[in-house]
Amino acid sequence: MLYGRLAVAATSAIDFRSAKPEPSPMRIPILMPQLGESIAEATILRLEVAPGDIVQADQEIMEVETQKATMSVTIPCSGKVEEFNCRVGESYPVGTTLGYLRVTAEEAARAGIVPVGDKPAPVEQPAASGESDNLHFKLDSTIQLGGETQQVIPTLTGLPVPVNATGASYISPRMRARMAEMGLNAADLSAVAGSGGGGRVTVEDFEIFMSQLEEHKMTAASPMRIAVADSMRRSWTRPLATIGIRVNMEPLLAHRKAHREPKAGPALYAMRALAIALSENTAAAGRLVGKRIVHPPAIDLGFAVEVDEGVLVPVIRNVDQKPLASIIEQYNELVKLSRERKLPPDARGQGIATITNFGTFGIEWATPIPLPEQSLLLGLGAGIRQPVWDAATHAFVPQMQSGLTLSFDHRVIDGGGAGRLLHRVASLMQMPETL
């Protein structure tokens, strides 16, 4: 868990140069802090305290999410929460006033926030545009920190990552409205380097980008391609990871050879192995909703089928309860119907995981992306004959192996749990008679 400290700025007029400080409390704005390099805004996930609560210095008062991480944020001084004027689930630029805190003058001085002078020290809000966009906070000569008067001039040095290195790091509301008019989303502008403050993509940047596109050859994307693109864009908003091992395919191939037609393909063996492994631990295929893991009610698994201009994922229900031999014909029929775009309703959607056999394209290793509504995707690579050390004969022997990968939502399952699940699938695939 990462941490950040919320910025505060004094708004009351208290003269600390007199012999006796004014004991009246100070009203301190709570500002959205600069939580990292190139971070222009953050979304509030949860408020840990409520108005009226007494809080202590360094106490966590809210959790926010940026493009890079989820962070707990703390306050620099003790006091009483007066109000919040922000809402959970909404995003706010750096420097936005999120609420107010009541603190004593002594506590403010201890935290290094010491206003001086006869006039109130105004709270500086970020400008709408220009050099001061998205700054953490702004100080002038009326604020004294640590006993020394400092002048902090707003610049873009708080966002040191060059915008050309990352594309559009922040898109203004006006720009988002313009994009909505044209049916575009942020992913469509990932290659645009914003020239505005804090990496914002301006309308001028957008118009230049669109005019340059007109100079290239373009073809219309099919509805399926658009649907796949949208699905992958939504999937990629999660922290995804992929692990992999090599699995011995010799027992599986021998089992397949010994049986008559119709024969199960390697992907179907992998599907049955995954179904059994998940039936032993359904949490691995769960979905994170709020603070709870929702376990799947049934082991319904999908498998990827390449079709014209896209991919379809038909689903077989209750795979853990059906022996391998009983689903071969159903599997083959769904492959055929997928390529004809005639999938029956009960084979569409709502699977808990997917199997993809990228080995059919000669690919040995890949990092496939799970569907947005799923947390797991099992991938099977091409079979390659490898030399393997045989302890019995003290010699290398040839062995057919395939790469087996597991892509997973890291919020739901960690590397250790994913590794154990993958090893269980691999071991079941080497005992095909149990499938």
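Side-chain atoms are counted along with the backbone in the values below, which use heavy atoms only and exclude waters and symmetry mates.
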Any side-chain heavy-atom pair of Leu337 and Pro344 under 4.5 Å: yes

Intermediate values then yes/no, side chain to side chain contact (heavy atoms under 4.5 Å, CB included), Thr434 and Leu428: CA-CA 7 Å; Thr434 65; Leu428 287 168; 4.3 Å; yes

Heavy-atom pair with the smallest gap, counting every atom of Leu252 and Pro266: CD2-CA, 4.4 Å

Those residues that, when tested against His295, pass ring pair (Phe, Tyr, Trp, His ring centres under 6.0 Å) (two or more places apart): none

Partners meeting side chain to side chain donor-acceptor pair (under 3.5 Å) with Ser235 (sequence neighbours left out): none

For Lys322, salt bridge (charged side-chain N to carboxylate O under 4.0 Å, His left out) partners two or more places apart: none

For Val388, all residues meeting side chain to side chain contact (heavy atoms under 4.5 Å, CB included), sequence neighbours excluded: Gln399, Gln401

pair Leu278-Leu421: side-chain heavy atoms closer than 4.5 Å: yes

Ile352 vs Ile299 side-chain heavy atoms within contact, under 4.5 Å: yes

Residue pairs involving residues 310-321 (criterion side chain to side chain donor-acceptor pair (under 3.5 Å); sequence neighbours excluded): Asp300-Arg317

Residues that Trp236 engages under side chain to side chain contact (heavy atoms under 4.5 Å, CB included), provided they are two or more places apart: Leu240, Ile369

Listed partners of Asn281 passing side chain to side chain donor-acceptor pair (under 3.5 Å), at least two apart: none

pair Cys86-Met32: side-chain heavy atoms closer than 4.5 Å: no

Distance-minimising heavy-atom pair for Pro368 and Leu377: CG-CD2, 3.3 Å

Least distance between heavy atoms, Leu380 atom then Ala267 atom: CD2-N, 4.0 Å

Minimum side-chain heavy-atom gap Leu98-Ile44 below 4.5 Å: yes

Counterpart residues, salt bridge (charged side-chain N to carboxylate O under 4.0 Å, His left out), relative to Glu82 (two or more places apart): Arg27, Arg102

Residues, nucleotides or ligands: over 12 heavy atoms within 6.0 Å of His255 NE2: yes

Test side chain to side chain contact (heavy atoms under 4.5 Å, CB included) applied to Phe303 and Leu334, step by step: CA-CA 10 Å; Phe303 55 97; Leu334 288 176; 3.8 Å; yes

For Glu280, side chain to side chain contact (heavy atoms under 4.5 Å, CB included) partners two or more places apart: Ile276, Arg424

Contact list for residues 239-253, test salt bridge (Lys or Arg N to Asp or Glu O under 4.0 Å), sequence neighbours left out: Arg246-Glu364, Glu250-Arg385

Side-chain touch Leu324/Leu268, heavy atoms, less than 4.5 angstrom: yes

Side chain to side chain, Glu329 and Glu333, heavy atoms closer than 4.5 Å: no

Contacts of Glu90 that satisfy side chain to side chain contact (heavy atoms under 4.5 Å, CB included) - sequence neighbours left out: Arg87, Tyr92

4.5 Å side-chain heavy-atom contact, Leu378 and Val425: yes

Set of residues satisfying side chain to side chain donor-acceptor pair (under 3.5 Å) with respect to Glu433, sequence neighbours excluded: none

